[in-house]
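Read the structure below first, then the notes.
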Amino acid sequence: MEEFWGGRLAALIVDVIFITLLMWVLTATIYPLIAWTNLYSVFNYWLILWGLLTVLYFMVMEGKWSTTLGKGLFKLKVQYREGEMDYKKALLRNISKFLWIPLVVDLAVGSSRSKDGKERYLDRLAGTRVIKVE
């Protein structure tokens with residue numbers, strides 16, 4: 001089980017690095033406009049934008065391809081128990097990734113209630129699970 005959670009954690013780290021790079025590109029692209037208009041206060045909302053981008057990234061990647069860049073690298077896949085993945089299920093299982101505290105609670109509650117300790121609470125609610133693809 002430690003190998004499974006280690007792979008999921010490593011995949012999450014890869015995904016967070018990718019999202020952070022996207023935010024850097026977005027910041028570098030928008031900064032000249034912000035400097036020109038002197039609207040530096042927009043950076044007060046950057047954490048909210050990061051959270052929305054994170055949820056959107058996971059929803060689109062898992063809703064369309066059942067994996068993310070990090071999960072694909074570690075041969076992990078999100079699977080719906082009764083059919084195909086879609087955007088609604090992907091959004092439901094990833095809404096806790098908006099900020100870190102809800103994600104930690106989701107992990108703690110889910111692994112304490114699951115039989116094998118491999119399930120987040122929102123995975124159970126969405127009817128999804130992460131599997132290792134060989």
Worksheet item: Is there a side-chain contact between Val14 and Phe74, using heavy atoms and a 4.5 Å cut-off?
Response: yes
Practice prompt. Determine whether Tyr40 and Leu49 fall in the same hydrophobic cluster, where Ile, Leu, Val, Met, Phe, Trp and Tyr are linked whenever their side-chain heavy atoms lie under 4.5 Å apart.
Written response: yes
Item to complete: Check whether any side-chain heavy atom of Leu76 sits under 4.5 Å from a side-chain heavy atom of Val133, and report yes or no.
Response: no
Worksheet item: Is there a path of hydrophobic side-chain contacts, each under 4.5 Å between heavy atoms of I, L, V, M, F, W or Y residues, that connects Tyr31 with Leu39?
Response: no
Item to complete: For Gly63 and Ala90, work out which heavy atoms get closest and say how close.
Response: N-CB, 3.6 Å
Fill in: Side-chain touch Tyr80/Asp86, heavy atoms, less than 4.5 angstrom
no
Worksheet entry | Expected output: side-chain Thr128 to main-chain Gln79 donor-acceptor under 3.5 Å | no
Discussion item. Can you classify the ring geometry of Phe18 versus Tyr57 as parallel (below 30°), tilted (30 to 60°) or perpendicular (above 60°)?
Written reply: tilted
Discussion item. With a 4.5 Å cut-off on side-chain heavy atoms, are Thr68 and Glu62 touching?
Written reply: yes
Worksheet, complete the sentence: When every non-hydrogen atom of Leu52 is compared with those of Phe98, the smallest separation belongs to N-CE1, 3.5 Å
Worksheet item: Are any side-chain N or O atoms of Asn94 and backbone N or O atoms of Leu91, one a donor and one an acceptor, separated by less than 3.5 Å?
Response: no
Worksheet item: Hey, does Trp24 have a side-chain heavy atom less than 4.5 Å from the side chain of Thr29?
Response: no
Worksheet entry | Asp15 side, atom CG; Leu73 side, atom CG - distance, nearest 0.5 Å | 9.5 Å
Discussion item. Do Val78 and Thr67 make a side-chain contact, defined as non-hydrogen atoms from C-beta onward lying under 4.5 Å apart?
Written reply: no
Item to complete: For a side-chain contact (heavy atoms from CB on, under 4.5 Å) with Ser66, tell me which candidate from Lys71, Lys77, Glu84, Met61 qualifies.
Response: Lys77
Practice prompt. Report the distance from atom CD of Glu82 to atom NZ of Lys89, rounding to the nearest 0.5 Å.
Written response: 9.0 Å
Worksheet entry | Pairwise side-chain contact, Leu12 with Phe58, heavy-atom cut-off 4.5 Å (strictly under) | yes
